[in-house]
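First the structure, in the form of structure tokens, and then the observations on it.
FYI, side chains are in, hydrogens and waters are out, and symmetry mates aren't considered; it's all heavy atoms of this structure. The residues of the chain are indexed from 1 along the displayed sequence.
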Amino acid sequence: QVQLAESGGGLVQPGGSLRLSCAASGSIDPYYTMGWFRQAPGKEREFVAAISWSGGSTDYADSVKGRFTISRDNAKNTVYLQMNNLKPEDTAVYSCSAGPWHLVVTPGYYRHLEHWGQGTLVTVSS
């Protein structure tokens, strides 16, 4: 049984910052890629960022490049998403997932990922 638990969401003003955390527990493959996704109201879930098991490879959606940074602490089984210079269009429920790299980063393939957290709401508004 794999469990992913996100935290760190909240209300922030445009230009502000938040750091999301995703703690993994259970029988999760230590070589899995970890990814962050988001879903805004009325929109499809979209890829945000991914990090390989070693942390040596990362990938970002164009919309967040230069503003968001993904990292992981394998000793704590936790992945982070540092979000800076937040914009109203970043408002969404952010969820983390774990799986093979190609499933995490390939558009639309997230549907094949088995492990998801419950999500944490990020609201960017003045």
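Between His102 and Tyr109, the two ring planes are perpendicular [angle over 60°; tilted spans 30° to 60°].
Checked against salt bridge (Lys or Arg N to Asp or Glu O under 4.0 Å), Asp59 has no partners two or more places apart in sequence or in another chain. Partners of Trp116 under the ring pair (Phe, Tyr, Trp, His ring centres under 6.0 Å) rule, at least two apart in sequence or in another chain, are Phe37. Every salt bridge (Lys or Arg N to Asp or Glu O under 4.0 Å) that Glu44 has, sequence neighbours left out, goes to Arg111. Applying the salt bridge (Lys or Arg N to Asp or Glu O under 4.0 Å) test to Lys43 and every residue at least two apart in sequence or in another chain returns nothing. Applying the side-chain hydrogen bond (donor to acceptor under 3.5 Å, both in side chains) rule to Arg72 yields the partners Asn74; only residues at least two apart in sequence or on another chain are considered.
No continuous path of ILVMFWY side-chain contacts below 4.5 Å connects Trp53 to Trp101, so the two sit in separate hydrophobic clusters. Residues Phe47 and Tyr60 are members of separate hydrophobic clusters, defined by side-chain heavy-atom contacts under 4.5 angstrom among Ile, Leu, Val, Met, Phe, Trp and Tyr.
No option in Leu121, Thr120, Leu20 other than Thr120 meets the side-chain contact (heavy atoms from CB on, under 4.5 Å) test with Glu6. Thr33 pairs with exactly one of Thr58, Val79, Val104, Ile51 by the side-chain contact (heavy atoms from CB on, under 4.5 Å) rule, that one being Val104. Met34 pairs with exactly one of Ser52, Ser97, Cys22 by the side-chain contact (heavy atoms from CB on, under 4.5 Å) rule, that one being Cys22.
Interatomic distance, OH of Tyr32 versus CD of Glu114, reported as 6.0 Å (0.5 Å rounding).
Applying the 6.0 Å contact sphere to CD of Glu89 captures more than 12 heavy atoms from other residues, nucleotides or ligands.
The shortest distance between side-chain heavy atoms of Asp90 and Arg67 falls below 4.5 Å. Contact of the Thr69 side chain with the Leu81 side chain is not registered, since no non-hydrogen atoms from C-beta on lie closer than 4.5 Å. In this structure, Ser125 and Leu11 have side chains that are in contact, with non-hydrogen atoms separated by less than 4.5 Å.
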- Apply the test side-chain contact (heavy atoms from CB on, under 4.5 Å) to residues Tyr110 and Glu46: give CA-CA distance (whole Å), side-chain angles for both, the deciding distance (0.1 Å), then the verdict. CA-CA 9 Å; Tyr110 68 83; Glu46 64 174 355; over 6 Å; no
- Message: What verdict does the side-chain contact (heavy atoms from CB on, under 4.5 Å) test give for Ile70 and Tyr80, after you've listed the backbone C-alpha separation in whole Å, the side-chain angles of each residue and the deciding distance to 0.1 Å?
- Response: CA-CA 6 Å; Ile70 189 170; Tyr80 305 97; over 6 Å; no
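Not one N or O on the side chain of Thr106 forms a donor-acceptor pair closer than 3.5 Å with the backbone of Leu103.
Annotation: side chain to side chain donor-acceptor pair (under 3.5 Å) contacts involving residues 9-27, sequence neighbours excluded, comprise Ser17-Asn84.
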